[in-house]
Amino acid sequence: MTTTARSRIERYDPASIEPRWQARWAELELYEADLEDTSRPKYYLLTMYPYPSGDLHIGHWYIKTPTDAVARYRRMHGDNVFYPIGFDAFGLPAEGAAIKNGIHPAIWTMQNIENMRRQLRSMGATFQWSAEVVTASPEFYRWNQWIFLKFLEAGLAYRAKAPIDWCPNDGTLAREQVEGPERRCWRCGALVEKRDLEQWFLRITNYADELLDFSGIDWPEPIRIQQTNWIGRSEGAEIVFTTAPDDHQPGGDELRVFTTRPDTLFGATFMVLAPEHPLVDKLTAPGQRATVAAYLAQARRQTEIERLSTDRPKTGVALGAEAINPINGERIPIWVADYVLAGYGTGAIMAVPAHDERDFEFARQFGLEIREVIRPGDAPADRGPLREAYVSKAPTDVMVNSGPFDGLRPIPDGFQAIVAELERTGRGKAAVSYRIRDWLISRQRYWGTPIPVIYCETDGIVPVPVEDLPVRLPEEVDFHGSGESPLKTDHTFLDVTCPRCGRPARRETDTMDTFIDSSWYWFRYLSPEYTEGPVDRRLVDRWTPVDQYTGGAEHAVMHLLYSRFFTKALADVGVIGQREPFKRLFNQGQILGADGERMSKSRGNVQDPDELVARYGADTIRLFLMFMGPWDQGGLWSPTGIGGVHRFLNRVWTLALDPHGIEPGDPQAGRLPADEDVAAAERSIRMAAHRTLRVVTEEYEGFRFNTMVAHLMELANTLFRYRGTAVAGGAAWDEAIRLLLLMLAPAAPHITEELWARFAAAADTPWTSIHVQTWPTVDPSAIVDETREIPVQINGKVRDKVVVPVGIEPAELERLALDRPRIRELLAGRTPERVVNAGGRLVNIVVD
RNA sequence: GCCGAAGUGGCGGAACCGGCAGACGCGGCGGACUUAAACUCCGCUGCCCGCAAGGGCGUGUGAGUUCGAAUCUCACCUUCGGCACCA
């Protein structure tokens, strides 16, 4: 700041600008939506609420900054924008801190929340703090309990014993929380075991088909595909085999199987039961008892420890019993093997080794018959034994070795014919099976919503009466370091009287999965203090579904699926009227540390935003995060390049406050371009500004923030070339600066507000915030061009360019192109075979 | 193995309804300003050949469609994300 040219203006100093405006905005309640105002279009903008982990880093800014820009952008379009925030405050890390450091989870959590609020404010974010929701507060979680009781009453919540996923550190997990081939816990990474336990479930499977229907919501295709795969709908048939009588049992038991290929029924040469199948014991022949028992024990161990990979050799043992195939009365052996899963279908399969890879491998392993029943149309009649299972489905396939069904096309004709025959004899029917299972929601943890039920010796499971809600977490608790939930030993909590019979009873000590909280929190934002129910139905009907939701794709089959389920279930119990939560979803990418790993304190790869704010100011950070690349892509964190963005804001500052300054380093400074007079220069400036407005508007709409920033930089660069010239400070110049500030305002709210205020002061007009201005409109007359530069190609290579009037006749354009000296020279007298005139955008001359 | 996304300069990336590849920024080189440095400003910067004019090559690889392909089609390679024997 030592040059005379720039010493006239004050330096751009974010530290003196930003806190002042943040305070002013809060004071004016500039960003409070009026939920009762129906005169303007409503716009519910939601960003996934953060977990207050204490690991605050630049990733939080990356997630929230563009959403905040959208909120501001929509407001400038006159929308009534509701943009709330809250905290996903229950969860394990708080409990971990309690066990490790002896700090109460509530204290730890509230401290982190306080720090996070401060940081979110320093971002200049326009959250509506009056709507804030903290899920760990009884005012919120009592409604989790209320909803749970509703679900219980409607049969959507139930308690059952089931083989469940068990993490040695975190206890039970939902199936969605088990990751990878090694089956590790999503939180702590420990190997997950299987256990048979009584647990609480929500009946998400009731909604499997409805959850497959995405019509009416605009979600990214990858998420829809992931959810569809997770739900895993398969159409097939349920077929009833029966056990054959033998020396040790009378037979006649039904063995139901699910198959997607009923057309291969004649190829079933054995059956396989899952180790957990209830008939295993009954069907085991005395001579096999020891072998089977040993196998079951081993299979159990196998599932409890690491299941290394799916390509380990298949194992199994024969039970010494047989089943009868309902289509042809054939007797086939029954085996037990752990490649059949208890939890899918019926836990039993008909094995068709010729047409299923797993059955094929198993048959090979144990020397079982492999009978081909589907033959490709082009296969020779006698081609010897199959070398691998034939699983493809070609239209030319035919059925063989299938009695009366021989010669049929398997799909769909054979499929339907066999199902029809089974239905006629009552031995089977068309059926659908799903991969998705009910949502296991109980956790053996302290820091979560207590499940509001009581166990009574006489009355069994008794719901806590609604008027007794909330069931509060006891505050005085001892985390005695064992890792076990203190609720299990806290008698002030445990000991209750049964609401039905009044006798001593015991309270449920399990708490809810924290994904319950996030499955409906956005409804609560609309009326965080409402006491008549979880939501104010009137506001919910008016304001939801959420118009735009933004958050990470890692929640594809957890939060984003649970939320859809919850919305449908809440509708079915009469709490709300809609069936989809989020109309439009955008998945932003993730910012990773420089080492390519997720940012966390323990890895030491976090970038602290406070540090950057102190150095560059919030506006620079906001802009830089948007400029880094496409928002849905994420990337590795690197501060390289942040200086470029900061320089840009400095240039905006200079342009706005010192239009007549001259840069001593620029030999052309103060002079118009050689080919422009004042009028032409003003036309250039207007054209640049309005063209930028056109494209920047589209980019905000399309969430293409990186190119939006680039285009604003381009405009600033253009204006800089005219700084200090005869047009600087003129009408066209002032208009361009005004447009630049308005376009930049959603992304860099402080500097634009400051400059806007200074303009108002200089013009002696009353101040109104730039953020309540109306988004400008493009002046079509400013962006029409009189001439256009057209590339001229020879055989697809650009060889010359010709400047022509806009709207030139194609024939005239071609004539001009062919007449260019350079083109004539390169053609060297050759006559063009053809001349392509691509809609007046380009000329391509084809020779030879 | 299956499903999904993506491969473009030294780097982040732009263009992708087929039509000037590399916008914008970083980094690098050169220059102006300065006693000097920093800051700021200006210019150049895909690779190769050439003093230059200019030419050749170039969007993961290989084919194809087309007057014309980063963009469309097919096959393959690599990276990242998801799933994990789902009958």
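Just so we're on the same page: letters track the sequence lines, and every chain starts at 1.
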Main-chain N/O of A:G724 paired with A:H660 side-chain donor or acceptor, under 3.5 Å:
no
Would the distance check show the side chain of A:R691 and the main-chain N or O of A:I783 forming a donor-acceptor pair, the cut-off being under 3.5 Å?
yes
Distance in angstrom units between [X] [atom1] and [N] [atom2], rounded:
X      : N     : atom1 : atom2 : result
A:M708 : B:G25 : CE    : C1'   : 14 Å
A:R11  : B:U40 : CZ    : C1'   : 10 Å
A:N587 : B:G82 : CG    : P     : 13 Å
A:L719 : B:C41 : CG    : P     : 14 Å
A:Y12  : B:U40 : OH    : C1'   : 17 Å
A:D338 : B:C85 : CG    : P     : 10 Å
A:Q226 : B:G81 : CD    : P     : 13 Å
A:D165 : B:A84 : CG    : C1'   : 13 Å

Distance (rounded to the nearest 0.5 Å) between [X] [atom1] and [Y] [atom2]:
X      : Y      : atom1 : atom2 : value
A:R834 : A:E814 : CZ    : CD    : 10.5 Å
A:D632 : A:F586 : CG    : CZ    : 4.5 Å
A:W439 : A:L561 : CH2   : CG    : 9.0 Å
A:F362 : A:I370 : CZ    : CD1   : 12.0 Å

Quick one: list whatever passes ring-ring contact (aromatic ring centres under 6.0 Å, His included) with A:Y434, sequence neighbours left out.
none
Anti or syn, where syn is a glycosidic angle within 90° of 0; which label fits B:G64?
anti
Whole-Å [atom1] distance, [N] and [M]:
N     : M     : atom1 : result
B:G62 : B:A14 : P     : 25 Å
B:G9  : B:G46 : C1'   : 5 Å
B:A15 : B:G25 : P     : 15 Å
B:G30 : B:C48 : C1'   : 22 Å
B:U71 : B:C17 : P     : 12 Å
B:C16 : B:U34 : C1'   : 47 Å
B:G18 : B:G4  : C1'   : 26 Å
B:A6  : B:A87 : P     : 28 Å

When both hydrogen-bonding distances must be under 3.5 Å and the geometry is Watson-Crick or G-U wobble, what is [N] paired with, if anything?
N     : result
B:C24 : B:G12
B:A52 : none
B:G1  : B:C83
B:C76 : B:G60
B:C41 : B:G31
B:A70 : none

Taking side chain to side chain donor-acceptor pair (under 3.5 Å) as the test, write out the residues that go with A:Q177, two or more places apart.
A:R443, A:D513
Kindly write out the residues that satisfy side chain to side chain donor-acceptor pair (under 3.5 Å) with A:Q607, not counting sequence neighbours, or none if the list is empty.
A:W637
Sugar-phosphate atoms are those with a prime plus P, OP1 and OP2; base atoms are the rest. Using that split, label each nucleotide of nucleotides 11-23 of chain B B, S or - for protein heavy atoms under 4.0 Å, 5' to 3'.
-BSS----BB--B
Footprint string (nucleotides 27-32 of chain B, 5' to 3'): B base within contact, S backbone only, - free, heavy atoms under 4.0 Å:
----BB
Parallel, tilted or perpendicular for A:W631 and A:F703, by the 30°/60° rule?
tilted
Cation-pi geometry met for A:R256 and A:F241 (6.0 Å, 45°):
no
Comparing A:S433 and A:R799 on RNA chain B - which has the more 5′ nearest nucleotide:
A:R799
Contact class for [X] vs. all strands (heavy atom < 4.0 Å): base, sugar-phosphate, or nothing?
X      : answer
A:R233 : nothing
A:V352 : nothing
A:N717 : sugar-phosphate
A:R721 : nothing

Among the nucleotides B:G25, B:C42, B:C85, whichever has the atom closest to the side chain of A:Y339 is B:C85
Between [X] and [Y] (salt bridge meaning N to carboxylate O under 4.0 Å), is one present in this structure?
X      : Y      : value
A:R820 : A:D800 : yes
A:R723 : A:D658 : yes
A:R261 : A:D263 : yes

If only side-chain N and O atoms of A:Y344 are considered, is one of them under 4.0 Å from the OP1 or OP2 phosphate oxygen of B:A87?
yes
Taking only nitrogen or oxygen atoms into account, show me every contact under 3.5 Å that the protein makes with nucleotides 1-5 of chain B, one pair per line with its distance.
| unit_1 | atom_1 | unit_2 | atom_2 | d |
| --- | --- | --- | --- | --- |
| B:C3 | O2' | A:N229 | ND2 | 3.2 |

